[in-house]
Amino acid sequence: MERIILHVDVNSAYLSWEAVYRLQHGARIDLRTIPSVIGGDEKSRRGIVLAKSIPAKKYDIQTGETLWSARSKCPNLVVLPPSYPLYLSCSDALVRLLKKYSPKVERYSGDECFVDLTGCTQKKTAEETAWEIKERCRTELGFTVNVGLSTNKLLAKMASELEKPDKMHTMYPHEIPEKLWPMPVRKLFLSGPKTLPKLYKLNIFTIGQLAHASPDLLQHHLKSHGLTIWKYANGIDDSPVVPDGRAVKGIGNSTTTPFDVDSEKEALLYLLSLTETAAMRLRSNKMLARVVTVSLRDTNLSFYSHQRRLVSPTDSTLLLYRQAKSLFKEMWRREPLRHLGVHLSDLVENKFYQTSFFDDTAVSRQQAIDKTIDEIRASYGADAVVRGLFPHSGIPPLCGGVYEAFPTMRSLL
DNA sequence: TCTGGGGTCCTAGGACCC
DNA sequence: TCTGGGGTCCTAGGACCC
């Protein structure tokens with residue numbers, strides 16, 4: 001049966017949400033109407049553009065560029081820090097509204113959702129429903145969205161890109177030649193900065209040219225990725241809308257340090273801090289990890305990582321940290337670091353997460369300690385228990401993982 | 001004091017086994 | 001009588017997304 005799929009995309013999400021909140025709390029200027037951005041903290045070396053207003057976009061300010069560069073394009077740019085808990089509650093409000101239309105709502109990222117409306121529209125047509133959702137976001141939630149409507153996720157997502165902001169567009173299969181194919185190929189999902197030059201060399205500049213290229217040729221030049229984007233260019237995608245609860249594949253924390261880390265002692269404190277938070281998230285998901293990865297970025301921004309597979313999966317902060325520490329010692333090139341990360345993957349469900357009272361091995365004692373600390377932090381706040389190594393070290397005892405409830409993001413549809 | 005942090009998936013090469 | 005060859009696992013790195 002033909003499906004009915006919506007893609008709902010919040011326009012300039014962080015910036016819109018910030019603007020709405022400030023208007024509701026007495027601000028006289030709507031940030032959306034002036035050149036403004038949400039940006040990270042420059043003093044702690046996180047100074048990039050996270051979201052921009054439409055007037056800021058007119059100065060050619062791009063998401064991800066440095067605030068330094070953005071200011072050089074627009075000297076009186078208004079820069080505001082992000083308020084993640086606010087964005088999470090806005091995202092939740094959007095999901096609640098969408099769930100009134102269908103139980104099949106997939107939160108693809110904080111500001112994008114897919115909705116499978118198949119069999120959920122009775123009196124109204126799909127187009128009327130899509131339009132109504134767009135209107136209700138604006139009038140009831142206070143921010144505008146773009147809604148794309150089609151028969152699969154890829155086409156719905158491409159439809160919501162057509163014209164912004166506050167628009168609803170369809171891209172049904174019969175509309176592909178008219179609406180999808182004239183678009184520049186850089187607009188196609190998964191055509192990123194490394195893929196585009198290869199496509200240009202093959203004289204492919206529009207999505208239509210990609211759709212009509214030989215799949216064998218694309219596969220030859222771009223491996224399996226070539227076939228994937230060829231299918232997308234032809235509107236082919238049968239991935240399902242997965243309502244919230246898809247199994248998480250990996251849990252990672254990383255942080256850019258406010259100063260260059262050049263001693264092993266400081267680096268290990270950061271790794272302990274990152275491991276602690278990642279392991280807490282692992283345990284709260286009732287999972288065990290089999291692979292630990294440590295990643296480093298030096299002051300030239302070159303990135304490298306080492307990973308290790310464990311003999312048996314674990315959720316113990318101490319056991320995971322031991323691996324991270326040993327990985328770090330074997331990989332560190334003794335250059336100053338600006339970024340460190342710990343990632344846990346190859347996750348399995350922890351079916352025995354209630355540890356036995358009678359088992360008194362070192363491992364189970366360690367698990368009992370983790371469990372107790374998790375409980376204290378849940379009741380009295382994350383800073384209620386802190387390892388003795390951290391005070392006065394200048395290093396936060398729990399790095400990353402602050403927005404645990406924030407939805408996971410996925411790159412593939 | 002110029003470049004975040006959270007993800008997913010793919011590929012290439014080496015080790016190892018039969 | 002030199003160095004087959006397929007399959008699997010593991011690791012490092014890359015590409016892409018929001």
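Chain identifiers are assigned alphabetically (A, B, ...) following the order of the sequence lines, protein sequences preceding nucleic acid strands; residue numbering begins at 1 within each chain. Only this structure's heavy atoms are used, side chains among them; waters, hydrogens and symmetry mates stay out. Everything numeric here is computed off the predicted structure, so don't read it as measured data.
- Between A:T195 and C:dC16 there is a side-chain N or O to OP1 or OP2 distance below 4.0 Å.
- An OP1 or OP2 oxygen of B:dG5 is reached within less than 4.0 angstrom by a side-chain nitrogen or oxygen of A:T255.
- Within the 4.0 angstrom heavy-atom criterion, only backbone atoms of the sugar-phosphate kind lie near A:G250; the bases stay farther away.
- For A:T63, no side-chain nitrogen or oxygen approaches OP1 or OP2 of C:dC18 to under 4.0 Å.
- Listed by chain and number, the residues in a salt bridge (charged side-chain N to carboxylate O under 4.0 Å, His left out) with A:R32 are A:D30 (sequence neighbours excluded).
- Residue A:R338 has a polar side-chain atom (N or O) positioned under 4.0 Å from OP1 or OP2 of B:dG4.
- Within the structure, a side-chain polar atom (N or O) of A:N253 is placed less than 4.0 Å from OP1 or OP2 of B:dG6.
- Nucleotides B:dT3 and C:dC18 place their P atoms 23 Å apart, quoted to the nearest Å.
- Here, C:dC17 and B:dC2 have their P atoms 28 Å apart, quoted to the whole Å.
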Pair up each side-chain donor or acceptor in residues 214-221 of chain A with any protein partner under 3.5 Å, not counting sequence neighbours, and list the distances.
| from | atom 1 | to | atom 2 | distance (Å) |
| --- | --- | --- | --- | --- |
| A:S214 | OG | A:D216 | N | 3.2 |
| A:S214 | OG | A:L217 | N | 3.1 |
| A:H221 | ND1 | A:L217 | O | 3.1 |

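- In this structure A:H343 satisfies the side-chain hydrogen bond (donor to acceptor under 3.5 Å, both in side chains) test with no other residue, sequence neighbours excluded.
- Nearest nucleotide to the A:K43 side chain, out of C:dC17, B:dT1, B:dT3: B:dT1.
- Here the rule is side-chain contact (heavy atoms from CB on, under 4.5 Å) with A:V78, and of A:V37, A:I38, A:I34 only A:I34 fits it.
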Below 3.5 Å, can you tabulate the donor-acceptor pairs from side chains in residues 200-207 of chain A to any protein atom, sequence neighbours excluded?
| from | atom 1 | to | atom 2 | distance (Å) |
| --- | --- | --- | --- | --- |
| A:T206 | OG1 | A:G208 | N | 3.4 |
| A:T206 | OG1 | A:Q209 | N | 3.0 |

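- For the pair A:D116 and A:E106, the minimum side-chain heavy-atom distance is 4.5 Å or more.
- Considering only side-chain atoms of A:L190, the nucleotide from C:dC16, B:dT3, C:dC18 that sits closest is C:dC16.
- One finds a side-chain N or O of A:R46 lying less than 4.0 angstrom from the OP1 or OP2 phosphate oxygen of B:dG5.
- Distance CZ (A:F114) to P (C:dC17): 13 Å, rounded to an integer number of Å.
- Side-chain atoms of A:T118 come within 3.5 Å of backbone atoms of A:I4 as a donor-acceptor pair (strictly under, hydrogens ignored).
- Within 4.0 Å of A:S69, counting heavy atoms only, lies no atom of the nucleic acid at all.
- At least one side-chain heavy atom of A:R71 sits under 4.5 Å from a side-chain heavy atom of A:V79.
- Contacts of A:S191 with the nucleic acid, taken as non-hydrogen atoms under 4.0 Å apart, involve only primed sugar atoms and P, OP1 or OP2.
- Taking only side-chain nitrogens and oxygens, A:H343 never comes nearer than 4.0 Å to OP1 or OP2 of B:dG5.
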Bracket notation of DNA chain B in which parentheses pair within the strand, [ ] cross earlier pairs, and | pairs with another strand (Watson-Crick or G-U, under 3.5 Å): ....||||||||||||||

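- Using a 4.0 Å heavy-atom cutoff across all strands shown, A:G40 reaches no nucleic acid atom at all.
- By the 4.5 Å heavy-atom criterion applied to side chains, A:D9 and A:E112 are counted as neighbours.
- Taking syn as a glycosidic angle within 90° of 0, B:dC2 qualifies as syn.
- Note: CZ (A:F189) to C1' (C:dA15) measures 12 Å, nearest angstrom.
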Between protein and nucleotides 9-14 of chain C, what N or O pairs are separated by less than 3.5 Å?
| from | atom 1 | to | atom 2 | distance (Å) |
| --- | --- | --- | --- | --- |
| C:dC10 | OP1 | A:R309 | NE | 2.8 |
| C:dC10 | OP2 | A:R309 | NE | 3.2 |
| C:dT11 | OP1 | A:R309 | N | 3.3 |
| C:dT11 | OP2 | A:R309 | N | 3.4 |
| C:dA12 | OP1 | A:H306 | ND1 | 3.2 |
| C:dA12 | OP2 | A:Q307 | N | 2.5 |
| C:dA12 | OP2 | A:Q307 | O | 3.3 |
| C:dG13 | OP2 | A:S305 | N | 3.3 |
| C:dG13 | OP2 | A:S305 | O | 3.2 |

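- Within the 4.0 angstrom heavy-atom criterion, only backbone atoms of the sugar-phosphate kind lie near A:E112; the bases stay farther away.
- Here the straight-line distance linking atom CZ of A:F189 with atom NZ of A:K153 works out to 9.0 Å at 0.5 Å rounding.
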